[in-house]
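Structure first, commentary second.
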Amino acid sequence: MPDKQVAKEQSMILQKNMLARLFKELSTAKGTGKKVVYTFVPGNLSELILAFDMLPVYPEINALQSGMRKKSRDFIRDAEKAGHSEDVCTYVKCDIGMMLNGNIGPTGEKLPDPDLLLLSYTGCFTFMKWFENLERLYPGVQVAMLHTPYQEGGKITPEMVQYMVKQLKEEVIPKMEKVSGKKFDQTKLAEILENSRKSQDLITQIFDSTKNKPSPIDAYFAGVYYIGPINVGFRGTVEAVEYYQELYNEVQNRVEKGLGPVTPEGEIEEERFRLVVEGPPNWTHFREFWSLFYNMGAVIVASSYTKVGGVYDWGFRHNPQKPLESLAEYCMNCYTNLNLTQRIDLLEKCIKDYQADGFLINSIKSCNSFSAGQLFMMRILEDKLGIPVGFIESDLVDPRYFSYSNIKNRLDSFFQMLDQRKIIQKQQEIAT
Amino acid sequence: MKKYYLGVDLGSTTSKAVIINEQDEIIGRGITNTRANYEVAAEIARLESIYNARFSLLKRKIEQEKDFESLYKKYIEYIEDAFQYLQFKTRLDMLHVQLQKTAKQAFAGEIQKKITDYIDTIVKNISPLIRQEFLDGDLGAKSQFFRDIVSEKYHEEVAEFDKDYFEPLMVTFDKSITPVENELVKHNFKELVHQAMGLLNEKYADMPDSTPGNKSFHFDAELNLLKGNYKKVSESLREHIDQIAELDIHISNMTGTGYGRALLPFPEDCIKSEILCHAFGAHALFPNTRTVLDIGGQDTKAIQVDKYGLVTSFHMNDRCAAGCGRYLGYIADELSISLNELGPLALEAQKEVNICSTCTVFAGAELRELLNLGEKREDILAGLHKAIVMRALSLLARSGGVHNEFTFTGGVARNQAALKYLTEMIRQNYGNDLTINMHPDSIFMGSLGAAMFARRNIEVDLPQA
């Protein structure tokens, strides 16, 4: 997923090769007989898919890639022509539009049809409707559904874990055995989970590097590249561990040299603002969107979006000793499955740990599961921490909802607001 | 030398300029609705604010001298009206030339002759009317903008002519008004102010010694004071006026804000976001302000500020301009009345008709539908004003609610009906104890804030809480 122009560090080359291999395998899957599982990023059961030696396809990732490659507008148009209304999640429409246009993936190779639709996260109701639509597009495809209970009470109870483990044992694993033609191998799964744990340790340390001043990385705009391998099916592979080790070394190297983040236009020379961002980025104008920040010397020191594929901040790791239980806990711990108080707590921790100057929300027009409650969260954080807050709106992959001038206008005000706050703080420091 | 600071707010509908002194007091205001070219608009507003500053400095000077009576202040206002008329007249003459030029380019033969004759007649007819309105202070609540005043009069005249010439006359006007409006005219203040005094002398010389019973003058009281006195007054003021005219109003620093700010030929650190400027301006006039609502031409801003007048959070309308000034402008066009008449008309309502549409364009259709159903114009207007306020309230809620004190700014704040409904609904939702502020200078709030940032040289010396 890395962009060639961003910078050519070793980790990026590694990631590029990993993805190229995956898409190659996918394009030849029908010949090699490998089975293909379509599934979603939040609460993904990558390790289980790997244990059955199957290949994953992530429709959301394809949609965001289409957005970045400027193809989403036409895909969305075609999905709308096929009867999907303007208000429907634009990932869904982009994905359906891509399928209607031959299902050509981001590398230009055709994606294989699914052998299994694995719905492992249900906190986003749209996911369910999405696969319902895909089931119609691929008649006869196998479907497995794992119901993930919402953390409404703010914690995972043993009953919730048992409920999910039961489903894994009785519904998901038998379905995967049937589709793959292979027997479930718990030892193999445990080995894979051990790799997951290693990757998770490393990525947590990488994102924790923003404690440094200047921060060596941008945890949002570059962060979305860093989460690539862990989110698209490589979590649990040796390759992923190698990738994150390499990335970790690179980041450490930047810390030692006191360097700031790398952007498409080179290094940020002066870190002027440190921000925590809530909400996914816009993909259709990703570069322009990013430039609005780096041109102002604004660095994102933490973002909730990079936690959609797993929240590791509070210590969760996959556990080879308790494989199914930890898969269950992982699913329930994904960011959009946290209740609002938990999300606020997590953001508060980020703001404090990474010494942010401001908190910004990018609210996504077509994603209710992310956007609902965001203003409430913003108010609480503002009141509790006295941190300056900002709110902008855009969309995931529908270019019609990205207004550069509107966003720039708001960000200009936001950054000037932060500047003023710094002046006042300085004056107060002098006074005392 | 005294120092002055300029703030320019290039809004979506109007451009404003404010000059302040070292005490943050407004001493000059300028406003224009020219918007084809932001650089020209800024310059027009700036020049106007400097002219206006000279008049207000003159008034201050007079106030300090005990020998002068209060009527002198009134007299200075009359001079300023006459001064504005002369500026207007210059532009009207330019428009006359431009209309003729356009007509000659667009038409030929008999029709050209007819149109050019009509144009001469129109200008001949409307000139004295406009002169009278300015000199008698009759413009009142009406728009002071050149385009609005001229087009209203022009339309009235055209309606009197042969219907066959309606279309060509309107086309000629539409093609001529913009270039004239966008042309920068620089006046010599001293010359023009002397001319203005001459005009007033003429006016008072013509004034009867007693007011006829059947005729009402807007300045009866002043007339009595001035009658027979005007010569003495004007002579004794001349020296002061000349001094002020020659005064170097030195602008030490300036700041630009508003949508067009990026286009201003100012250095980068002299450009500020309009959110910050509106908040800072509102807070300067009402230092206890914690929430600001600004309803401008194309956007509505809900801003929360701290004790320093600095913004802590804000919310703006995205994607849709319903609920902004332009919405009212559109409705005024639909009803063929002037924007300034909307509020007063809505205040005459017996009830508020429920307006469902959240879209400006659809609201136009809904308006016609409701008229067809027999609803009264003022009742529909009341409903429309209420609808705008409801949108503003939603924005306020999203920005964090309303905190004491609440200050209402922007062009729409001058609309009495909008103010009425806003006050009602704010009280309903946030309590009766809340202080609601509205200043006559509400439209200048952004430029005031900008001027204040200019005085503080943007970074140093922020206000004391």
Side-chain angles (χ1 to χ4, degrees), chain A residues 86 282 295-296 357-366 371 373-395 398 400-428 430-431, chain B residues 12 255-262 268-280 283 294 298-299 301-321 394-401 403 446 449-450 453 456-465:
Chain A
E86 201 188 322
N282 163 275
N295 285 338
M296 296 298 297
D357 308 310
F359 172 66
L360 182 77
I361 291 178
N362 180 39
S363 189
I364 297 297
K365 192 209 161 265
S366 73
S371 307
Q374 277 179 331
L375 280 174
F376 167 77
M377 290 160 58
M378 186 168 96
R379 289 297 146 235
I380 303 267
L381 287 168
E382 187 188 8
D383 290 346
K384 203 169 171 188
L385 306 176
I387 190 166
V389 297
F391 189 86
I392 51 175
E393 288 175 276
S394 66
D395 190 53
D398 191 336
R400 294 171 295 187
Y401 294 114
F402 184 86
S403 163
Y404 180 82
S405 54
N406 270 359
I407 292 177
K408 182 171 186 339
N409 193 36
R410 280 148 189 74
L411 285 179
D412 277 353
S413 299
F414 181 62
F415 291 133
Q416 290 183 16
M417 210 169 106
L418 297 183
D419 251 341
Q420 286 194 327
R421 182 63 65 104
K422 287 193 171 182
I423 294 162
I424 286 282
Q425 276 169 348
K426 211 175 278 172
Q427 285 182 353
Q428 283 168 343
I430 292 165
Chain B
S12 60
T255 296
T257 187
Y259 272 113
R261 62 182 182 267
E268 201 183 320
D269 62 347
C270 290
I271 306 279
K272 276 265 166 208
S273 130
E274 73 272 20
I275 301 272
L276 274 72
C277 289
H278 274 94
F280 209 27
H283 187 270
D294 178 86
Q298 270 173 42
D299 69 34
K301 310 180 250 289
I303 313 170
Q304 309 291 345
V305 297
D306 65 9
K307 59 183 175 179
Y308 303 102
L310 305 183
V311 179
T312 56
S313 81
F314 64 91
H315 228 84
M316 285 169 84
N317 57 318
D318 253 328
R319 291 189 280 271
C320 173
S394 148
L395 209 61
L396 277 167
R398 278 181 277 155
S399 81
H403 304 279
F453 277 122
R456 281 154 186 79
N457 202 14
I458 321 283
E459 292 218 343
V460 292
D461 188 30
L462 279 151
Q464 294 300 307

Run B:S273 and A:M417 through side-chain contact (heavy atoms from CB on, under 4.5 Å) and show every step you take. CA-CA 9 Å; B:S273 130; A:M417 210 169 106; over 6 Å; no
In this structure, are over 12 heavy atoms from other groups packed under 6.0 Å from A:Y404 atom OH?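 More than 12 heavy atoms, drawn from other residues, nucleotides or ligands, come within 6.0 Å of this atom.
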Give a yes or no on whether A:K426 atom NZ has more than 12 heavy-atom contacts from other residues, nucleotides or ligands under 6.0 Å away.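 Incorrect, the count does not exceed 12.
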Check whether A:Q416 gets within reach of chain B through its side chain, its backbone, both or neither, counting any heavy atom under 4.5 Å.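 Backbone plus side chain of A:Q416, per the 4.5 Å heavy-atom cut-off to chain B.
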A:R421 vs B:T312 side-chain heavy atoms within contact, under 4.5 Å: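 In short, these two side chains touch, coming nearer than 4.5 Å.
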Quick check: closest heavy atoms across B:G400 and A:R379, and the distance to 0.1 Å?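 Heavy atoms of B:G400 and A:R379 come nearest at CA-NE, 3.2 Å.
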Working to the nearest 0.5 Å, report the span between [atom1] of [X] and [atom2] of [Y].
X	Y	atom1	atom2	result
A:Q428	B:Y308	CD	OH	4.0 Å
A:I424	B:K307	CD1	NZ	8.5 Å
B:I275	A:N409	CD1	CG	7.0 Å

N/O donor-acceptor pair under 3.5 Å between A:R410 side chain and B:H315 backbone: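 Judged by distance alone, no pair lies under 3.5 Å.
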